Peer 1: 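Below: one structure in structure tokens.
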Amino acid sequence: MPELPEVETIRRQLLPLYRGEIFREIRLSALAALQNCRAEDFQRLAGKRIDDFHRRGKFLIFECQGIYPVFHLGMSGIFLKSKAESLYPQHIHAEMRFKSGKELFFQDMRRFGNIRLYSEFPQFPGLGIDPLGAEFTAGRLNALLAAKKMNLKQFLMDQRYIAGIGNIYASEILFRARLSPRRKTHELKSRERAALFQAIPAILASAVENFGTTYSAYRTVTGESGENQHFLQVYQREGEPCHRCGRAIIKTVMGSRSTFYCEKCQR
DNA sequence: TCTGACCTGCGA
DNA sequence: TCGCAGGTCAGA
């Protein structure tokens, strides 16, 4: 489930491996082409050099001399250095080959991901603040919280407000901040807003250090699992004792998504 | 603001 | 065989 830490891990791994590489060809599967844009448009990439990789929320942006392929990994998107590493070669939707002989494959088993091509640096109108960027300030978070009347779990996962948080880290952030996922945004006291402001980047940065969280599909570019699943406090721990108070972790459903929390520690 | 559909592999 | 996993978006 690639959220911000998984996409950031992939970006950091792609940089030393593929920066400076020049595209020889790029092929999209029929499915990828049907869903997103015309495969022939991608031929414009041939001869272009990859100068940088950027991340905005959960979007991964390739900067290629005035052309910007943008990948969203959806639920199961991963990058592979070779086709032989793929467990599901039938789900490879983009094959990128470079003049040096290197290759890069985008595999997306569940096809929730997408690929788009931009002619200038994409701006993503409507996408919220990046929680690891300088623009993420207490003032901006407080203003967002005050303006909304929704529960915290859904607020955190809504990409229009904060970009990059998904189901796993929303639960983990709320545990860290000792806030119930059912609390309403506009009702938080200043001390609680401050706790949330601290918890969001802390949880995400720590997950980046651990190379992301692996459940099922996610793998880093080097084909390894992330490590962060070993450090989760509540996610997928239903019935297990809370690491703070010992009470069993509760699982509930909010917004059609499983949500994990401690009834005693999170108020 | 909320719900269900999309999609596929996996485990019960 | 069926339910579950969850990011996103359309529609209610």
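Here the structure is a predicted model, which means the values were calculated and not measured. Quick note on labels: first sequence line is chain A, next is B, and so on, each numbered from 1.
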Peer 1: Would you say B/dC10 has OP1 or OP2 under 4.0 Å from some side-chain N or O of A/Y88?
Peer 2: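 So the side-chain polar atoms of A/Y88 do come within 4.0 Å of the phosphate oxygens OP1 or OP2 of B/dC10, strictly under.
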Peer 1: Check this for me: does the side-chain of A/R257 come within 3.5 Å of the base of C/dA5 through a donor and an acceptor?
Peer 2: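 Flag unset: no donor-acceptor pair detected.
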Peer 1: Choose from C/dT8, B/dC10, B/dT8 the nucleotide whose nearest atom is closest to any side-chain atom of A/R111.
Peer 2: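 Selected nucleotide: B/dT8.
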Peer 1: For the side chain of A/H72, counting heavy atoms from C-beta on, which of C/dG7, B/dT1, B/dC2 is nearest?
Peer 2: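 Shortest atom-to-atom distance from the side chain points to C/dG7.
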Peer 1: Give, for atom CG of A/L104 and atom CD of A/E95, the distance between the pair rounded to the nearest 0.5 Å.
Peer 2: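 Interatomic distance, A/L104 CG to A/E95 CD, rounded to 0.5 Å: 11.0 Å.
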Peer 1: Would you call the rings of A/F23 and A/F98 parallel, tilted or perpendicular if under 30° counts as parallel and over 60° as perpendicular?
Peer 2: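 Answer is tilted, since the angle falls between 30° and 60°.
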Peer 1: Whole-Å distance between C/dA5 P and A/Y169 OH?
Peer 2: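 To the nearest whole Å, that distance equals 17 Å.
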Peer 1: Do we see a donor-acceptor contact under 3.5 Å between the side chains of A/T252 and A/Y261?
Peer 2: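 No pair is found: no donor N or O on one side chain lies under 3.5 Å from an acceptor on the other.
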Peer 1: Checking contacts here: which listed nucleotide (C/dT8, C/dG7, B/dC2) is nearest the side-chain heavy atoms of A/M75?
Peer 2: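 Among C/dT8, C/dG7, B/dC2, the one nearest the side chain of A/M75 is C/dG7.
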Peer 1: Whole angstroms only, please: what is the CE-P distance between A/M254 and C/dA5?
Peer 2: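 Result: 15 Å.
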Peer 1: In this structure, how many angstroms lie between the P atom of C/dT8 and the CZ atom of A/R160, rounded?
Peer 2: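 After rounding, the reported distance stands at 12 Å.
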Peer 1: What orientation do A/F71 and A/F79 show, parallel under 30°, tilted 30 to 60°, or perpendicular over 60°?
Peer 2: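 Rings of A/F71 and A/F79: perpendicular, as their planes differ by over 60°.
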Peer 1: Atom CZ of A/R110 and atom C1' of C/dG3: how far apart are they, to the nearest Å?
Peer 2: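 For the pair A/R110 CZ and C/dG3 C1', the rounded distance is 12 Å.
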Peer 1: With no hydrogens and no angle check, do the side chains of A/S119 and A/R44 hold a donor and an acceptor under 3.5 Å apart?
Peer 2: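 Short answer, yes.
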Peer 1: Measure from the side-chain heavy atoms of A/M157 and tell me the nearest of B/dG9, C/dG7, B/dC7.
Peer 2: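 Output: C/dG7.
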Peer 1: When the distance from CG of A/L156 to C1' of B/dT1 is rounded to whole Å, what number comes out?
Peer 2: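 Going from CG in A/L156 over to C1' in B/dT1 covers 17 Å.
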Peer 1: Which is true for A/K251 with a 4.0 Å heavy-atom rule: it touches a base, it touches only sugar-phosphate, or it touches nothing?
Peer 2: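 Sugar-phosphate contact only.
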Peer 1: For A/Q154 and B/dC2, is the shortest distance between a side-chain N/O and OP1 or OP2 below 4.0 Å?
Peer 2: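 Yes, A/Q154 has a side-chain N/O under 4.0 Å of OP1/OP2 on B/dC2.
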Peer 1: Starting from P on C/dC4, measure out to CG on A/N167 and report it in whole angstrom.
Peer 2: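 Rounded to whole Å, this separation is 14 Å.
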Peer 1: Would you say A/H91 reaches B/dC7's phosphate, i.e. side-chain N/O to OP1/OP2 under 4.0 Å?
Peer 2: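 No, no such contact exists.
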Peer 1: Given the rule that I, L, V, M, F, W and Y join up when any side-chain heavy atoms are under 4.5 Å apart, are A/L127 and A/F121 in one cluster?
Peer 2: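 Cluster IDs for A/L127 and A/F121 match.
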Peer 1: Looking at A/Q159, I'd like to know whether one of its side-chain N or O atoms comes within less than 4.0 Å of OP1 or OP2 on C/dT8.
Peer 2: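 So the side-chain polar atoms of A/Q159 do come within 4.0 Å of the phosphate oxygens OP1 or OP2 of C/dT8, strictly under.
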Peer 1: Counting only side-chain N and O atoms of A/Q90, is one of them less than 4.0 Å from OP1 or OP2 of B/dG9?
Peer 2: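 Yes, such a contact exists.
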Peer 1: Given atom CG of A/D108 and atom P of B/dG9, what is their separation to the nearest angstrom?
Peer 2: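 That distance rounds to 11 Å.
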Peer 1: More 5' along DNA chain B: A/K149 or A/S256, using each one's nearest nucleotide?
Peer 2: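 Here A/K149 is the residue nearer the 5' end.
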Peer 1: Choosing from B/dC2, B/dG9, C/dG7, which nucleotide comes nearest the side chain of A/M109?
Peer 2: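 Output: B/dG9.
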Peer 1: Rounding to an integer number of Å, can you tell me how far A/Q236 CD sits from B/dG11 P?
Peer 2: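 Spelled out: CD on A/Q236 to P on B/dG11 is 13 Å.
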Peer 1: On the nucleotide B/dT1, are OP1 or OP2 found under 4.0 Å from the side-chain N or O atoms that A/K148 carries?
Peer 2: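 Answer is no, no contact under 4.0 Å.
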